[in-house]
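As the structure lists them, so they are numbered: ligands from 1, and atoms in each ligand from 1.
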Amino acid sequence: MKTMTCRQLGGPCEVEHHGASADDVIQAQDRHLKEAEKAGDATHQEARDAMKGRWRRPKKSLDWYRAMQKAFADLPEN
Ligand SMILES: [Zn+2]
């Protein structure tokens, strides 16, 4: 398992997501952003909108996914 924070995934806070793959932590971040939006947390809105845009335009977002996968690969196991 590895850990990436909300901030490492483009968000504003230090919540930690744990996963075995980059996809796991990206999905955890997506859930975290949805919950923040539902709770009316304005600090997460920009990251939430960016994530929504990525689901809509996956090809344009490949660079972001690759960067996240590389960041995840470079992390130590914990
Ligand atoms: Zn957050």
Side-chain angles (χ1 to χ4, degrees):
M1 295 282 272
K2 295 186 180 187
T3 303
M4 277 181 89
T5 63
C6 176
R7 189 179 301 281
Q8 284 172 302
L9 290 153
C13 81
E14 303 299 333
V15 162
E16 293 182 344
H17 303 302
H18 308 282
S21 72
D23 283 348
D24 287 350
V25 293
I26 289 168
Q27 277 169 22
Q29 175 72 350
D30 188 44
R31 283 195 298 273
H32 170 62
L33 292 173
K34 278 183 196 159
E35 280 163 18
E37 183 180 51
K38 230 187 272 172
D41 179 347
T43 65
H44 282 75
Q45 195 60 50
E46 194 182 328
R48 170 72 176 128
D49 290 344
M51 190 70 93
K52 272 192 211 165
R54 281 181 204 113
W55 300 141
R56 260 185 252 124
R57 290 179 294 280
K59 277 185 191 161
K60 277 193 180 173
S61 309
L62 274 180
D63 286 350
W64 185 84
Y65 285 108
R66 290 206 185 100
M68 290 304 119
Q69 276 161 0
K70 181 170 183 344
F72 189 87
D74 289 346
L75 289 170
E77 292 279 346
N78 61 12

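- Within the protein, the N, O or S atoms lying under 2.8 Å from the Zn ion (ligand 1) are Cys6 SG, Cys13 SG, His32 NE2, His44 NE2.
- By the 4.5 Å heavy-atom criterion applied to side chains, His32 and Cys13 are counted as neighbours.
- Note on Glu37 versus Lys52: salt bridge recorded, some NZ/NE/NH1/NH2 to OD/OE distance being below 4.0 Å.
- The two residues His18 and Val25 come nearest to each other via the heavy atoms C-CG1, 3.9 Å.
- The backbone N or O of Trp64 lies less than 3.5 Å from no partner atom in the side chain of Ser61, so there is not a single donor-acceptor pair.
- Within the 4.5 Å cutoff, side-chain heavy atoms of Ile26 are placed close to those of Tyr65.
- Atom CD of Gln45 is surrounded by more than 12 heavy atoms from other residues, nucleotides or ligands within 6.0 Å.
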